[in-house]
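To find a chain, count down the sequence lines: A is the first, B the second, and so on, and within it residues start at 1. Atoms considered below: every heavy atom in the structure, side chains included; atoms not considered: hydrogens, waters and symmetry mates. This one's a predicted model, so the numbers in the text were calculated from it and none came from an experiment.
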2 protein chains.
Amino acid sequence: MPERETDRSISQTVRAQLTLRDLILTGGLRPGERISELQAVEAAGVSRTPVRMALVRLEEEGLLEAIPSGGFMVKSFSERDVLDSIEVRGTMEGLAARLAAERGVSVRDTEPMRECLAQIDELIAPAEISFDAFSAYVALNARFHALLAELSRSPPVIRQVDRASALPFASPSGFVMAQSALPEARHILVVAQEHHRIVLDAIENREGARAESIMREHARLAARNLRLAVKARGPMDLVPAAVLIKTMSSN
Amino acid sequence: MPERETDRSISQTVRAQLTLRDLILTGGLRPGERISELQAVEAAGVSRTPVRMALVRLEEEGLLEAIPSGGFMVKSFSERDVLDSIEVRGTMEGLAARLAAERGVSVRDTEPMRECLAQIDELIAPAEISFDAFSAYVALNARFHALLAELSRSPPVIRQVDRASALPFASPSGFVMAQSALPEARHILVVAQEHHRIVLDAIENREGARAESIMREHARLAARNLRLAVKARGPMDLVPAAVLIKTMSSN
DNA sequence: CGCGCTTTTTTTGTATACAGAACCCCTCTA
DNA sequence: TAGAGGGGTTCTGTATACAAAAAAAGCGCG
């Protein structure tokens, strides 16, 4: 119940969506249990109409599941589901990269990406990477991936990449924070950045197959991070969507 | 205007969604123009609330586009958009096939698919294929593709395949009817069926790469059908979503 | 004491009312 | 004549009321 007075300009539907998403991701709503609209109404501080709208959108987003008899419940995911979602995202990003390579890109298009890369380089240069640096990395990484999708210059592809990245744990930076406490942390970031560099090089040289396969492999880094984090037990708290994953929160 | 008395059991939201989708696909609503809720209300015969719900769902489906200032408009697609949507679908189906192959399937899983294949074989056996046979093919083809996605046994993958197939022109059978009038009609169906057979064989033999690439190529048959139909000028009337495609309806 | 049925209560789906914003058209001015 | 401003109209976003259906609680019966 902290009332945000800053949200006054945005629509009630968006406010409800934001509030509910946050509630789900922070574990305020347990997976599997029905979401009461009334409860959602008082949580979001708006009427039922925008809440209802928000619920539909969150279902499409993948966070909620429709109950046959009516209403919605919080979806829960197995570890396999999470890994597959990452694979889906990697596949879509691979497609975007391949199309970009095959169709060609101008230096103007890749310029912001190279700048992005340079900034990441600076972040991961030190032997020890601070927590704040990890946060900064998350933002830059997200930006790089967004720019990459746009490089395909294909609205249908961009759209599908976005949808595949919508689930928090499937997003490019889903498990970056989880790895921040890991000993392999810097190692993984260095490899990831190498992938970034290679995919850009491949695209510039119109090497479609190379661009595609490297993006697929790149996504699998996230899968590895997940497994590492699960094994290490602990850093999972840093990924908000952890509450949605079956084996670790409930078991 | 024709009141359907059969729809009494289903929810108003679904009825509105069905009515509006049909209206869009049959060209009752022009691409680019704003959809008036009031107009939609009288078309669907329900109140604004379910109409509103339906509009949101149709937006997620890809048929509508949100207008920044509010409301929705019918989306329009370039020929390139259509081809890219098909490529997206093929990529997702390729992923599904690869995962099925890699993870292995039982003969019980593939049994209904083989039956499906046998039925298609009968349909395309005659030298000349009737219009009705094409219709039957569409249904069987859709079934085969649905079964294939399920073979991955991965909810995230199935979900994404479904979403990629949601757009009528991106669906596996999107341009099948358009080709029915083409001289190459039977030829294409024979090749498609060969693809079906190969992907199943590849999956059974756990040949992931083969299964994936054949599904990609399979989807490209739809792209070829589109180009053929465009060139032939005429059979496009048989694909409902043709009204959404820019270059052929408005130009 | 447990199970099933009935009744009550809650919850969802739908309709509608209202307010504010966007859009359109008309008019006025340069 | 073209462009800018203003008033009217229409439209969307939101809130709320109502009805039907589902869930829960209470009751009776075995």
Side-chain angles (χ1 to χ4, degrees), chain A residues 1 3-24 28-61 63-75, chain B residues 1 3-24 28-61 63-75:
Chain A
M1 327 60 166
E3 294 280 346
R4 295 184 199 167
E5 300 300 338
T6 60
D7 295 354
R8 201 161 283 172
S9 62
I10 66 173
S11 87
Q12 305 293 70
T13 299
V14 173
R15 180 189 306 203
Q17 196 174 348
L18 257 39
T19 307
L20 291 177
R21 187 192 290 134
D22 202 64
L23 212 56
I24 294 166
L29 297 166
R30 295 278 152 213
E33 81 180 62
R34 183 194 223 108
I35 294 188
S36 160
E37 284 183 11
L38 202 63
Q39 179 186 345
V41 158
E42 71 177 322
V46 298
S47 89
R48 276 187 62 211
T49 306
V51 160
R52 209 131 214 301
M53 232 60 174
L55 290 176
V56 171
R57 296 211 125 101
L58 289 170
E59 182 204 4
E60 305 285 349
E61 197 173 315
L63 254 39
L64 299 182
E65 199 174 345
I67 301 173
S69 67
F72 299 93
M73 55 182 251
V74 179
K75 218 164 167 179
Chain B
M1 332 254 204
E3 293 280 345
R4 296 186 199 166
E5 301 300 339
T6 60
D7 294 357
R8 201 162 281 173
S9 62
I10 65 173
S11 88
Q12 304 294 71
T13 300
V14 174
R15 180 189 307 201
Q17 195 173 349
L18 258 38
T19 307
L20 291 177
R21 186 192 291 132
D22 202 64
L23 211 56
I24 294 166
L29 297 167
R30 294 278 153 213
E33 80 180 61
R34 183 193 223 110
I35 295 189
S36 159
E37 285 183 10
L38 203 62
Q39 179 186 346
V41 158
E42 71 177 322
V46 298
S47 89
R48 275 187 63 213
T49 307
V51 159
R52 210 134 212 300
M53 231 62 173
L55 290 176
V56 171
R57 296 210 126 102
L58 288 171
E59 181 204 4
E60 305 285 349
E61 198 174 314
L63 254 39
L64 298 182
E65 200 174 346
I67 300 172
S69 66
F72 299 93
M73 55 182 250
V74 179
K75 218 165 166 178

Rounded to whole Å, the CE-P distance (A/M53 to C/dT14) equals 13 Å

Counterpart residues, salt bridge (Lys or Arg N to Asp or Glu O under 4.0 Å), relative to A/R57 (two or more places apart): B/E59, B/E60

Gap between atoms CD and P, on B/E37 and C/dA17 respectively (whole Å): 16 Å

Atom pair distance, as rounded to whole Å: CE in B/M73 and C1' in D/dT12: 17 Å

So, using side chain to side chain contact (heavy atoms under 4.5 Å, CB included) as the criterion, who are the partners of A/R21 when residues are at least two apart? A/Q17, A/L18, A/L25, A/L58, A/E61, A/L63

Sort and list the pairs that fulfil salt bridge (charged side-chain N to carboxylate O under 4.0 Å, His left out) and have at least one residue in residues 44-55 of chain B, not counting sequence neighbours. B/E37-B/R48, B/E37-B/R52

Residues at least two apart in sequence or cross-chain that pass side chain to side chain contact (heavy atoms under 4.5 Å, CB included) with B/A16, listed by chain then number, are B/A44, B/V46, B/V51, B/A54

So what does B/I35 hit on the nucleic acid, given a heavy-atom distance under 4.0 Å: a base, only sugar-phosphate, or nothing? sugar-phosphate

Give the rounded distance in Å between these two atoms: CG of B/L38 and P of D/dT9. 16 Å

Rounded distance (nearest 0.5 Å) linking atom CZ of B/F72 with atom CG of B/L20: 11.5 Å

So which protein nitrogen or oxygen atoms get under 3.5 Å of nucleotides 19-24 of chain C's nitrogens or oxygens?
from, atom 1, to, atom 2, distance (Å)
C/dC23, OP1, B/S69, OG, 2.9

Contacts of type side chain to side chain contact (heavy atoms under 4.5 Å, CB included), residue A/I67, not counting sequence neighbours: A/R34, A/S69, A/M73

Below 3.5 Å between N/O atoms, which protein atoms pair up with nucleotides 15-19 of chain D? Just atom names and distances, please.
from, atom 1, to, atom 2, distance (Å)
D/dA15, OP1, A/Q12, NE2, 3.3
D/dA15, OP2, A/S47, N, 2.8
D/dA15, OP2, A/S47, OG, 2.8
D/dA15, O5', A/S47, OG, 3.4
D/dA15, N7, A/T49, OG1, 2.6
D/dT16, O4, A/T49, OG1, 3.2

Atom pair CD1/CG of B/I35 and B/L55 - distance to nearest 0.5 Å: 6.0 Å

Smallest separation among heavy atoms of B/L64 and B/K75, with atom names: O-CD, 4.0 Å

